[in-house]
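Here is the structure we will look at.
Scope of the values below: all heavy atoms of this structure, side chains included, with no hydrogens, waters or symmetry mates.
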Amino acid sequence: MLSSVVAGLFSARVLQKLCFPYFWTDVLFLLNVIVYGVKLELSKLTSSVFTVLDRFVQQAERIPDKPFVIYEGRTHTYRDVERRSNRLAHVFLHRVRLKKGDCVAVLMSNEPDFLCVWFGLAKVGCSVAFLNTNIKSKSLLHCFNCCGAKTLIVGSELVDCLDGILTTLLEDNIQVWAMKSHSEHTQVHTLLDKIDAASDQPVPAALRAATSLKTPTLYIFTSGTTGLPKAAVITHLQSLKASAGFWAFGGTKDDVVYIPLPLYHSAASLIGIGGTIELGATCVLKKKFSASMFWADCRKHDVTIFQYIGELCRYLCNQPKTELDKVHKVRMGVGNGLRQDVYGSTEGNLCLMNHTGKTGSVGRSNYFYKLLFKYDLVKYDMEKDEPVKDQHGFCQRVKRGETGLLLSKVSATTPFFGYAGSKQLTEKKLMRNVFVKGDAYFNTGDLMSEDHEGFIYFKDRVGDTFRWKGENVATTEVTEILGLVDFIQEVNVYGVEIPRHEGRAGMAAMIIRAGLTFDGKKLFEHVTRDLPAYARPLFVRIQEVMEMTSTFKQQKFQLVQSGFNPSTISDPLYVLDYQQKSYIPLTDCIYQSILAGECKL
């Protein structure tokens with residue numbers, strides 16, 4: 001009898017391994033997701049919401065002396081950050097005169113005070129808008145209009161970035177406070193000289209209390225199809241979900257998290273810092289990523305988890321190999337952009353996680369996952385740049401193995417909170433009447449495929465955005481900026497693939513105005529002044545006629561396919577050259593050196 005039972009169990013195990021190899025991995029992962037989801041649902045039944053900030057305050061009381069942030073050789077404990085953020089909260093209340101419900105913009109580089117400012121503002125009940133430190137004057141001013149911020153907190157080394165727009169900010173009644181002890185500008189107020197005199201005791205907890213998970217707590221700016229940055233609304237619900245990321249992957253309080261990504265990105269702030277707080281772990285915060293120092297830092301601080309974007313990993317792989325490369329305690333990397341491991345967007349309502357570790361996959365789906373998160377892959381016409389519809393006007397699902405546009409259903413359990421300041425921007429990211437009249441789906445703008453085992457793979461971006469150096473580039477914004485150059489009559493911006501590089505490099509096809517000539521130096525001066533480095537077109541293609549689609553949109557598909565090879569393109573081609581401070585002719589020699597990885601892009 002016993003031998004029969006053992007034989008039966010053994011046979012069942014073998015059958016499971018052969019037919020359902022990922023069964024237990026899927027079950028354990030889904031149990032984690034369900035447990036955390038139930039916890040969030042139960043919190044809706046209480047009168048107040050337990051937020052990420054509440055979790056931080058709790059951890060500061062529970063483990064006050066544990067290192068929270070290690071930065072440039074100095075350790076900041078949970079108590080240190082709690083007390084300094086309390087001091088800042090008092091300054092914000094009594095000197096800056098902020099009140100619960102205000103929105104405050106933060107323009108700071110990676111440093112512990114970024115966290116102290118963020119937490120201090122949250123403690124007085126303010127929502128916080130993280131500004132990308134790369135964005136230029138016009139885009140920066142636009143950000144204030146999006147989120148309605150009337151106060152700006154700026155890092156000491158970034159005050160000079162306000163040159164040219166400070167007068168406009170002040171005219172718009174936006175008060176500017178710098179993390180400095182003194183200011184050369186009489187209308188830029190200082191914070192550091194006021195912190196020491198402030199109390200380190202907590203401000204009333206009622207100020208930070210939230211009554212709904214759907215209350216906005218952050219605004220994180222993302223480039224999109226509309227051109228200028230869009231303020232993605234981040235609610236307490238999204239923050240809490242993101243903070244559970246490391247935990248869902250098996251993270252513990254003993255982990256040390258390495259964060260080399262900018263804190264104004266959701267990956268570093270929501271997943272990195274939020275995840276560290278949720279676990280009660282320690283993070284190593286870097287001002288900037290350094291490929292040469294990465295493994296040395298990991299060894300020095302016993303790092304076990306690191307965050308990445310695709311470019312970061314490519315830089316690491318390009319470093320000279322050493323015998324110490326495998327001497328470390330790193331066991332997990334979490335991030336976007338490597339075309340594997342984790343997929344998600346700042347504002348989206350869907351996250352795919354590669355919990356099985358399948359190389360190349362961004363996640364895995366199954367019957368139970370689809371019950372919780374309803375998504376579909378639909379047919380997409382790349383030439384027309386639009387979904388394929390049937391005779392009834394509805395989208396068509398792709399077959400297993402085929403590439404399709406990823407859509408995620410909007411529902412009560414998977415809401416889409418959209419963008420601040422414009423219902424029109426929010427509506428543009430939604431597709432309605434997709435499969436039946438009245439339904440609504442979030443359009444990710446990403447092409448994916450799903451294999452017969454349920455593994456999902458990222459294929460490409462569609463529409464008017466592409467990724468380069470870990471940033472989203474909005475082609476319409478770049479087009480608008482280039483259109484201001486006097487010799488350009490019409491311009492079409494798109495992204496082209498370069499071997500051994502993640503994402504796509506910017507390229508601009510343009511028509512020159514009659515009677516004028518292309519001026520590479522003038523164009524260089526224009527793009528370096530008005531566009532962040534990642535958004536500047538690396539290549540320029542001069543055309544006589546701009547091709548259009550049947551729906552009278554600029555044709556990008558053929559341009560993308562033809563790339564930037566001077567031996568196969570008869571149009572004049574130019575390449576961005578920082579040494580000569582100009583766009584210079586793209587010769588076959590330069591082209592080959594780019595392919596060989598000899599040119600720094």
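In terms of heavy atoms, L312 sits closest to L261 at CD1-CD2, 4.1 Å. Contact record, R331 with D255: NH2-OD2, 2.6 Å, taken as the closest heavy-atom pair. For the pair L482 and P537, the tightest heavy-atom approach, listed with the atom from each and the gap, is CD1-CG, 4.0 Å. Between Y534 and N472, the closest heavy-atom pair is CE1-O, 3.8 Å. Residues Y441 and V410 come closest through the heavy atom pair C-CG2, 4.1 Å. Nearest heavy atom pair, residue L131 against residue L140, reads CD1-CD1, 3.8 Å.
Comment: D54 engages R208 in a salt bridge, judged by a side-chain N to carboxylate O separation of less than 4.0 angstrom.
In this structure, the side chain of Q396 does not engage the main chain of K379 through any donor-acceptor pair within 3.5 Å. Looking only at distances, a side-chain donor or acceptor of R400 sits under 3.5 Å from a matching main-chain atom of H452. Checked by atom type and distance alone, the side chain of E278 never pairs as donor or acceptor with a backbone atom of W247 at under 3.5 Å. Distance alone, capped at 3.5 Å, is enough to place a donor-acceptor pair between the N433 side chain and the G438 backbone. Judged purely by atom type and a 3.5 angstrom limit, D390 uses its side chain to pair as donor or acceptor with the backbone of H392. Side-chain N or O atoms of K150 include none that pairs as donor or acceptor with a backbone N or O of F144 at under 3.5 Å. With D451 contributing its side chain and E453 its backbone, the two residues share a donor-acceptor pair below 3.5 Å. In this structure a side-chain-to-backbone donor-acceptor pair under 3.5 Å is missing from R55 to F50. In this structure, the side chain of D446 does not engage the main chain of L406 through any donor-acceptor pair within 3.5 Å. Of the possible polar contacts, one joining the S361 side chain to the I456 backbone as a donor-acceptor pair under 3.5 Å is found.
Put simply, OG1 on T51 and CG on L237 are 12.5 Å apart, with the number rounded to the nearest 0.5 Å. For the atom pair CZ (F458) and CG (L447), the distance works out to 7.5 Å, reported to the nearest 0.5 Å. Atom SG of C147 sits about 9.5 Å away from atom NE2 of H142, to the nearest 0.5 Å. The SG atom of C126 lies 4.5 Å from the CG atom of L98; values are rounded to the nearest 0.5 Å. Note that the CD1 atom of I305 and the OG1 atom of T252 stand 7.5 Å from one another [nearest 0.5 Å]. Within the model, atoms CZ of F416 and CG of N443 stand 10.0 Å from one another, a figure rounded to the nearest 0.5 Å.
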Derivation of the side-chain contact (heavy atoms from CB on, under 4.5 Å) call for C395 and K389
CA-CA 5 Å; C395 290; K389 303 289 183 72; 3.8 Å; yes

Verify side-chain contact (heavy atoms from CB on, under 4.5 Å) between V378 and F394, making sure each step is shown before the conclusion.
CA-CA 10 Å; V378 300; F394 296 125; over 6 Å; no

Would F221 and Y264 count as a ring pair (Phe, Tyr, Trp, His ring centres under 6.0 Å) if you check the C-alpha gap in whole Å, the side-chain angles of each, and the deciding distance to 0.1 Å?
CA-CA 8 Å; F221 288 87; Y264 57 74; over 10 Å; no

Check the pair E502 / R467 against salt bridge (charged side-chain N to carboxylate O under 4.0 Å, His left out), numbers first and verdict last.
CA-CA 8 Å; E502 291 291 331; R467 282 184 73 80; over 6 Å; no

Evaluation steps, side-chain contact (heavy atoms from CB on, under 4.5 Å), between F92 and V117:
CA-CA 9 Å; F92 293 146; V117 167; 4.2 Å; yes

Would L407 and M431 count as a side-chain contact (heavy atoms from CB on, under 4.5 Å) if you check the C-alpha gap in whole Å, the side-chain angles of each, and the deciding distance to 0.1 Å?
CA-CA 8 Å; L407 305 179; M431 286 179 60; 3.7 Å; yes

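Between F119 and F56, the ring planes are tilted. Angles from 30° to 60° get that label.
Remark: the T414 side chain and the S411 side chain contain an N/O donor-acceptor pair separated by less than 3.5 Å. Using modelled atom types, one finds a donor on one side chain and an acceptor on the other under 3.5 Å when comparing N492 with K556. With 3.5 Å as the limit, one finds no donor-acceptor pair spanning the side chains of T444 and Y375.
Note that R397 lies in the cation-pi zone of F435, set by a 6.0 Å cut-off to the ring centre and a 45° limit from the axis.
For F455, the ring pair (Phe, Tyr, Trp, His ring centres under 6.0 Å) partners two or more places apart in sequence, or in a different chain, are Y22.
For the pair I259 and L285, the minimum side-chain heavy-atom distance is below 4.5 Å. At a threshold of 4.5 Å between non-hydrogen side-chain atoms, the residues I277 and S243 do not count as touching. Using a 4.5 Å heavy-atom threshold, the side chains of V52 and T217 count as separate. A heavy-atom distance below 4.5 Å is not found between the side chains of M507 and L559. Residues F246 and Q307 form a side-chain contact, since some pair of their non-hydrogen atoms from C-beta on lies under 4.5 Å apart. Side-chain contact between S266 and I234 is absent, with no heavy-atom pair separated by less than 4.5 Å. In this structure the side chain of V362 never reaches within 4.5 angstrom of the side chain of Y457, judged on heavy atoms.
Of the candidates Q58, H236, K123, L53 forms a side chain to side chain contact (heavy atoms under 4.5 Å, CB included) with just one, namely K123.
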Pair up each side-chain donor or acceptor in residues 268-275 with any protein partner under 3.5 Å, not counting sequence neighbours, and list the distances.
from	atom 1	to	atom 2	distance (Å)
S269	OG	L263	O	3.4
S269	OG	H265	O	2.8

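At most 12 heavy atoms of other shown residues, nucleotides or ligands fall within 6.0 angstrom of atom NZ in K253.
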